[in-house]
Amino acid sequence: MTRGRALPPRVAPDAPAVATARQSVVDWFDGRGWAPFAFQTDTWDAYLDGRSGLVNVPTGAGKTWAAWGGPLIELLAEHAVTPEPSSRRARRVDGLRVLYLSPLRAVARDIELALRAPLDALAPDIRVEGRTGDTASSLRARQRRVLPPVLVTTPESLSLLLSYDDAPARFAGLRAVIVDEWHELMGSKRGIQVELALARLRRFAPDVRTWALSATIANLDVAAKAAVGVDATPTLVQADIDRPVEIDVLLPHDVGAFPWAGHLGIEMLDPVVEWLDPDVSTLVFTNARSQAEQWAQAIVQARPSWASRVALHHGSLERADREVVEAGLKSGELTIVVCTSSLDLGVDFGPVDRVMQIGSPRGVARLLQRAGRSGHRPGATSRITCVPTHGVELLEIAAIREAVERGDIEGRLELAHPLDVLTQHLVTCALGGGFTPDGLLDEVRTAWAYRNLTASDFSWALELVTEGGKTLRAYDEYRKVEPVDGRFVVPREPVARLHRMNIGTIISDPSVTIAFRGGRSLGTVEERFVARMKPGDRFVFAGRVLELVRFSGVRAVVKAAKGRSNHVPRWGGGRLPISDPVSRALRRYVAEARVGAATGPEREAVQPLLDVQLAMSDLPDRDELLVETTETRDGWHLFVFPFEGWLVHEGLAALIALRASRVAPSTFTMSSNDYGFELVAADPYPFADVVNHALFTTDDLDADIAEAVHVAELQRRQFRVVSRVAMLVPQNRPGKQKGMKYLQTSSDLLFDVFKDYDPDNLLLAQAEREVYEQHFERDRLAAALERIADHEIRFVTTERPSPLAFPLVIERVRARVSSETLAQRLARLRGV
DNA sequence: GACCTGCTGCGGGATG
């Protein structure tokens with residue numbers, strides 16, 4: 001439902017100046033081999049028509065230039081191609097016209113540099129500048145006074161700009177906003193913050209047009225609406241560009257000896273180093289930072305002569321060192337870079353020749369993103385070689401390829417009006433010129449995520465930042481915003497400063513810096529990793545073997561050590577479950593393997609393992625749920641295999657355990673992975689009598705989950721995020737070291753206060769909602785239960801854990817015991 | 001027969 005008016009075109013597309021400008025732009029791009037693509041012209045026309053929208057382009061197809069065409073034409077038409085002959089001054093553009101948002105500041109820098117070339121050639125008077133957190137302070141000071149005609153920046157820096165009191169005037173002349181990598185931003189609180197900022201910009205500059213650039217996702221229509229807001233009807237431009245993807249798999253030499261479980265995949269070292277070529281630039285993606293460290297080390301140990309050509313890149317390495325690696329890749333000095341998602345997005349190192357993925361990419365979009373790093377230009381074929389780390393992953397990779405071929409790609413989750421982001425935004429707006437409540441509520445509701453925001457929720461958030469809400473009114477620091485002559489503003493400078501220091505929605509835990517004695521920093525690790533070590537202990541980090549010299553709490557001093565070490569830091573981080581499209585394809589492939597209908601190298605390779613599974617147990621047909629029971633010295637086991645991803649399985653395991661114990665009381669321990677989950681009872685348990693469809697009902701789902709899982713504890717943890725985004729607990733304070741203890745106790749304290757004295761606090765409710773949505777993937781869990789309701793339960797009793805069940809046993813045992821005893825436990829298990 | 005995990009991203013302003 002839109003309630004907009006048609007925006008009048010600011011530049012008539014058929015005007016002579018526009019035609020001339022268009023020709024100049026086309027000529028310039030043609031001269032550099034950037035022939036205008038069909039979709040560019042569509043976008044340019046839509047832009048010049050005054051419309052907003054979204055351009056859907058495969059990764060690496062030149063979408064940046066596609067989006068710049070329209071604004072360039074307009075800038076040229078107005079200010080360069082037809083200058084006032086009498087006065088050079090008339091050609092100068094004063095104030096901001098075009099804003100480009102990139103989620104990565106490194107990319108923002110690259111775009112800024114790249115855009116200077118056409119502007120210098122076509123309209124030297126039009127300045128382009130970047131602005132991010134590391135922009136030189138002299139330039140930032142100048143930008144405080146006047147913004148350049150073209151500004152390239154990050155979402156957080158835009159919010160900062162909106163927090164200055166002259167924001168309305170500074171953005172009044174804005175004509176275009178381009179939002180890059182919109183598929184990455186939307187569905188996260190960063191994206192929501194962008195939506196709020198765009199709503200504000202549209203208020204300051206009513207004719208501004210927004211063009212979002214997105215890779216393919218399932219819900220592009222929603223992405224487009226979120227980008228343009230509710231007052232406009234988005235134009236969706238589909239790039240007419242073919243970007244074929246080829247997915248190879250590196251098979252193990254001896255398929256029979258391939259492990260049933262595991263993630264590291266180091267058994268594949270030989271085939272991998274045989275496949276790698278030190279003269280061919282290659283990105284080797286892994287799923288975890290510790291895995292990247294181990295693979296980089298293993299590759300160099302296997303091929304010492306490659307040492308100078310192999311490098312490591314992940315998010316815990318010192319930023320400067322990462323930039324050196326990116327530069328080395330660009331110059332060709334480095335050819336093999338082992339990395340994590342840190343190189344997923346467009347750091348401009350130029351195209352690499354090959355991409356390898358160790359372990360399942362778990363999702364279609366992620367595979368396409370990484371494959372897109374190769375042959376990074378329009379029309380080229382992307383190639384990716386997947387390396388499975390255990391048997392079933394062979395099937396998973398084949399399933400992902402099938403999902404790619406069918407175009408079955410993931411959507412992005414929509415977040416419904418998160419009040420922590422809104423709370424932060426209210427203070428930003430109060431700083432940036434102030435607001436009236438009614439006016440701001442109307443404005444906020446034009447943001448897609450807040451279109452259904454109730455007046456009472458808005459008032460609640462407003463009361464929180466003005467009065468500290470119900471419970472915090474006694475404390476001055478929560479009374480940030482005050483009405484002055486009818487406008488809500490921030491009168492106190494210290495409040496303003498603290499707010500600006502904390503703008504943004506990215507929450508990260510403090511960590512320990514690893515540095516040489518001379519002071520050079522190598523990156524960061526988690527505190528608990530260093531805390532367990534004593535001086536003299538060795539470990540591998542940043543691709544080197546290091547020895548701990550001393551540890552002071554926030555800083556660990558190290559020196560280079562000789563020899564080897566197997567001690568590698570682990571970092572906490574998200575672990576992605578296999579996505580919905582992958583689940584669907586995987587279930588189909590499992591069913592086909594059951595009747596031996598598998599074709600293709602991977603599926604043939606994994607068939608021996610599945611034959612063992614068939615011999616020991618069974619495989620589920622498409623309308624079946626496989627359930628196994630067995631008995632070991634550990635106890636009485638139940639294994640269930642819905643193939644829905646580990647998050648859903650965690651919720652399901654707790655749910656089924658609760659419901660089973662209502663039928664026949666017992667205590668269970670649980671484990672889960674992407675394929676299924678396990679319940680174990682220490683005493684004999686009648687699983688065969690208890691497990692039936694009644695356990696899988698969606699009736700009372702939320703209530704049962706709340707009872708089965710300690711939701712309050714998860715909610716408390718989630719509230720740490722919510723309270724920091726809402727800036728009830730600022731991460732940074734002037735002159736103060738941010739400490740984990742401080743952040744956690746402050747947040748926990750607030751949580752307890754709210755629970756006791758303000759149980760209806762909306763931020764508490766939001767933390768709870770986020771637990772259900774994100775921790776349990778509630779909607780997917782419910783859908784899984786509905787699917788299972790129609791399925792037949794295929795119940796099998798096995799003598800020992802089957803190939804599908806065994807990894808769940810490992811998972812559970814690993815969580816409880818040290819590594820020495822794990823080996824013993826597994827040996828014992830083998831003997832059963 | 002089988003094995004030991006878990007991503008990324010941003011960010012003040014004045015002063016010396």
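The listed nucleotides are dC10(B), dG1(B), dC3(B); the one nearest the side chain of Arg800(A) is dG1(B). When distances run from any side-chain atom of Ile506(A) to the nucleotides dC10(B), dG6(B), dG1(B), the shortest one goes to dC10(B). Considering only side-chain atoms of Ile810(A), the nucleotide from dC7(B), dT8(B), dC3(B) that sits closest is dC3(B). Picking from dG11(B), dG6(B), dT8(B) the nucleotide with the shortest atom distance to the side chain of Arg362(A) gives dG6(B). Comparing dG1(B), dG6(B), dC10(B) against the side chain of Ser290(A) picks out dG6(B) as the nearest. Across dG11(B), dG6(B), dC7(B), the shortest atom-to-atom separation from the side chain of Arg289(A) is found for dC7(B).
Neither OP1 nor OP2 of dG9(B) sits under 4.0 Å from any side-chain N or O of Ser341(A). An OP1 or OP2 oxygen of dA14(B) is reached within less than 4.0 angstrom by no side-chain nitrogen or oxygen of Ser137(A). OP1 or OP2 of dG11(B) has not a single side-chain nitrogen or oxygen of Arg733(A) nearer than 4.0 Å. When the side-chain nitrogen and oxygen atoms of Arg319(A) are compared with OP1 and OP2 of dC10(B), one or more of them lie within a distance under 4.0 Å. Side-chain nitrogen and oxygen atoms of Arg190(A) include none within less than 4.0 Å of the OP1 or OP2 phosphate oxygen of dG9(B). Look at Arg366(A) and you won't find any side-chain N or O under 4.0 angstrom from OP1 or OP2 of dT8(B).
Distance CZ (Phe529(A)) to C1' (dT5(B)): 14 Å, rounded to an integer number of Å. Nucleotide dC7(B) holds its P atom 17 Å from the CD atom of Gln774(A), rounded to whole Å. Computed from coordinates, the Leu101(A) CG to dG9(B) P distance equals 18 Å when rounded to whole Å. Remark: C1' of dG9(B) and CD1 of Ile192(A) are 16 Å apart, rounded to the nearest angstrom. Residue Leu576(A) contributes atom CG, which lies 10 Å from atom P of dC7(B) at whole-angstrom precision. As a whole-Å value, the separation of Arg109(A) CZ from dC10(B) P is 9 Å. Between the CD1 atom of Ile266(A) and the P atom of dC4(B) there is a distance of 11 Å, given to the nearest Å. For the pair Glu393(A) CD and dA2(B) P, the computed distance is 18 Å after rounding to whole Å.
Of the two residues near DNA chain B, Arg570(A) and Arg105(A), the one whose nearest nucleotide lies more 5' is Arg570(A). Judged by closest nucleotide on DNA chain B, Glu267(A) is the one of Asp674(A) and Glu267(A) placed further toward the 5' end.
Inter-residue side-chain proximity for Leu498(A) and Val495(A) is flagged as unmet; no heavy-atom pair is nearer than 4.5 Å.
Here Ser157(A) lies in heavy-atom contact (under 4.0 Å) with sugar-phosphate atoms only. Nucleic acid contact for Leu498(A): none, since no nucleic acid atom lies under 4.0 Å from a heavy atom of the residue. Backbone-only engagement by Thr132(A) is indicated by non-hydrogen atom pairs under 4.0 Å involving sugar-phosphate atoms exclusively. The residue Arg142(A) sits apart from the nucleic acid: no heavy atom pair falls under 4.0 Å. Looking at heavy-atom distances under 4.0 Å, Gly315(A) makes contact with sugar-phosphate atoms alone, never a base. Residue His499(A) is out of contact with every strand shown, counting any heavy-atom pair closer than 4.0 Å. At the heavy-atom level, Arg370(A) lies nowhere under 4.0 Å from the strands shown.
Considering every non-hydrogen atom in both Pro801(A) and Thr632(A), the closest pair reads CD-CG2, 4.1 Å. Residues Phe285(A) and Leu343(A) come closest through the heavy atom pair CZ-O, 3.8 Å. Nearest heavy atoms, Ser671(A) versus Leu808(A): OG-O, 2.9 Å.
With 3.5 Å as the limit, one finds a donor-acceptor pair spanning the side chains of Asp611(A) and Gln607(A). Inspection of the Ser163(A) and Arg500(A) side chains reveals an N or O donor paired with an N or O acceptor under 3.5 Å.
Stacking of Phe806(A) onto the six-membered ring of dA2(B) is present: less than 5.5 angstrom between centres, less than 30° between planes.
Separating the CG atom in Leu647(A) from the OG atom in Ser672(A) is a distance of 8.5 Å, to the nearest 0.5 Å.
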